[in-house]
Amino acid sequence: MRLLLPVAAVLAATTLVGWNATRFVGAEARIRTKELDFLPSPLAARLTACGHANTLAKLRWIDSFAYFQLVLDRKDDRISATGESAFERLYAMLVGMDPHFTEYHNSAALNLGAILDRPHRLLAILTQGLIDNPHDTGLWRQLAVLMHTHYKLEERHLVQFNALLDDWAAHELTAERQQQVWDWKASFGRRTYQGLEQVPYWLEQLRHAKTGTPTHDFVLGTLREQLARWGEQELKALGAQPGPDGILTVTAEAVARHWPGGIPSVAPVRAAGSGVVVREDPFGFAYTWVDGAPFSPGRAYRRALNMADNLSAKLADNAVTAKAWATTIDALRTAGVTVPPPPAGASWRIKDQRVVLDTPTVVAPPWTF
Amino acid sequence: MADPALPGAATLIRVVAGSTFREAVRSRTFLGLLIIFAVCVGLSRIVGWVSSTDGNIVTTDLVMSLQAIIGVLVAVATGTALVQSEITNKTLYTVISRPIARWQFVVGKYLGLAAGLALGQAAMLAIGLAYLAATGAEVHRWLLLAGLLTLVEVLVMAAVSLCWTALSSPLLAAVLGLATWFCGHAVTSLPELIHHLKGWQLVVAAGLASLVPNLGQFAYRNQAVYQLPLGWADLAQRLGYGALWIALLVTLTVVVFRRKHL
């Protein structure tokens, strides 16, 4: 009897811990979507933080990640009740509570600047960030990229743009960092490829996104998409034609004429022996010929993948109305949901109550940066 | 005239303080809270991992906040129970029947509690900083200063709790203690809001807010995480501010305790 009780207690504890742990076995990541309806003003938030403004701001920021996915899907951050911008309220609160954590500013650069295209609001946040953190290299770089990409300051007022870069260099605390500003300034002079103006901006966002997060995947996908679209344009300009095996070909003469200074590193062609060959698109798929023009399958698959989230939402709506989940794409169409045809080589499928896109296997590793 | 055979006031206070300190340190609550702190600190890295950053700043913030929150909770819980437990156990009557003044008893009790709380805070800070160092976060001297100012906040809260206990019941004192903590931090941001008020409203609001210790003075942890420096003069002013509040609150407790019919 004396031994029975401890043994029973250990058994019960083991069972309960095991029971709890089973929830994590085979668990899959689910995208949470939530609204940011109830955000206080920065002052009210600081007033109620009880001396823990930093910690509370960071916890609120982490919690709001779930909302990022919602905005990425909808490209809209208006609060349903008032129509106010939830992101603007969120960043005003975070920066007001914890002004020295510059990840908020970097996050605002992506969400307000790139996704929602509100450069004026972003400019306000970055300026405030630089008042609070005048020596932060990342904030200066974000500001310079914003002025260059959105406001075209280099083209409109070169003197002012150079003054901004000089100001940045003056605020750097080490000679090495100052040199980086000059290198950065020089690199702007080299960007001459039409259609790739946004690439430096997205590369900057990629620097701040953590690998494996939805934000990182989104930025990487956007970069690849821009380069794939540019690749299609350039292949067309190079006079690419499909061979008998369907593989696109270009002539070395056309390439030499098009890029007399040498083939750019992100070009859709590369030198091979004495000639040139067409590379795989940035997603790792071979360029094909569709409707009389070069076509990047990877880009089409990415667009379709974005569509899959909307289709999954419609699948869920339909399940509520029909009180049963459609298990095939045909059943979903029969239920009245418009499912667009998948891109060439891909197909729609329903898996675990979500619409997924099956694509062919890549022929080369996707580009990394 | 004082009897030369009786021990001096300092000795009596030291005896009461020593006994209170030993009682506090030996209690299971003390060890239990340290264990809870260590577990929470261990879990704090998870928040760092999900933060989309390297997680070091996030974890440091959490560790410093945990030290303050658990410290204040301990201060309020023990501060309110300090004298009441003596009354409940009837040990108080044994003590005050001896040739010891009530003020000596209160001061000794507070000093013993303060020493126990200081030991707890030091242990928490050591655990927290060791964990941060082990997980790759930068540990710098500003965190030690932040820890010191958090200790002052905890000691002020212990004095607040002691004072409220003298004026009310232990349960009510705990509630009032936590309310004082909230108000003490809220009044830090009040000057930014005061422009909404005019005339007598402004005078009343500013007057009431000035009755509460401004605990924002001790929340340097929010700046220390980013290694923002704190000057010696600023540090001395904050330590002096805390010491004055502690002196005032303990004196108030003594005045009330002397008038109590026990």
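Chain A is the first sequence line, chain B the second, and so forth, proteins listed ahead of strands; every chain is numbered from 1. Only a predicted model underlies this, so the values are computations on that prediction, with no experimental measurement involved.
- Residue-level contacts of residues 92-106 of chain A with chain B, in order of numbering, are A:Asp98, A:His100, A:Phe101, A:Glu103; threshold 4.5 Å between heavy atoms.
- Only the side chain of A:Leu59 comes within contact range of chain B, with heavy atoms under 4.5 Å apart.
- Using a 4.5 Å heavy-atom threshold, the side chains of B:Tyr226 and A:Asn54 count as touching.
- Side-chain atoms of B:Ser65 do not come within 3.5 Å of backbone N or O of A:His52 as any donor-acceptor pair.
- Around the CH2 atom of B:Trp164, the shell of radius 6.0 Å holds no more than 12 heavy atoms that belong to other residues, nucleotides or ligands.
- The contact between B:Leu62 and chain A is made by backbone and side chain atoms together, counting heavy-atom distances below 4.5 Å.
- Proximity of A:Thr48 to B:His185: side-chain heavy atoms (C-beta onward) are nowhere separated by under 4.5 Å.
- Taking CD1 of B:Ile69 as the reference point, atom OG1 of A:Thr55 lies at 7.0 Å (rounded to 0.5 Å).
- With rounding to the nearest 0.5 angstrom, the CZ atom of A:Arg46 is 5.0 Å from the OG atom of B:Ser189.
- For B:Ala219 against A:Gly51, the heavy-atom pair with the smallest separation is CB-O, 3.9 Å.
- Heavy atoms closer than 4.5 Å to chain A are found nowhere in B:Thr188, neither backbone nor side chain.
- Heavy atoms only, all atoms of each residue included: A:Trp61 and B:Ser51 are closest at CZ3-O, 3.2 Å.
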Next item on the list: Mind running side chain to side chain contact (heavy atoms under 4.5 Å, CB included) on B:Val47 and A:Lys58 for me, showing each step along the way?
Entry: CA-CA 9 Å; B:Val47 183; A:Lys58 288 183 181 84; over 6 Å; no

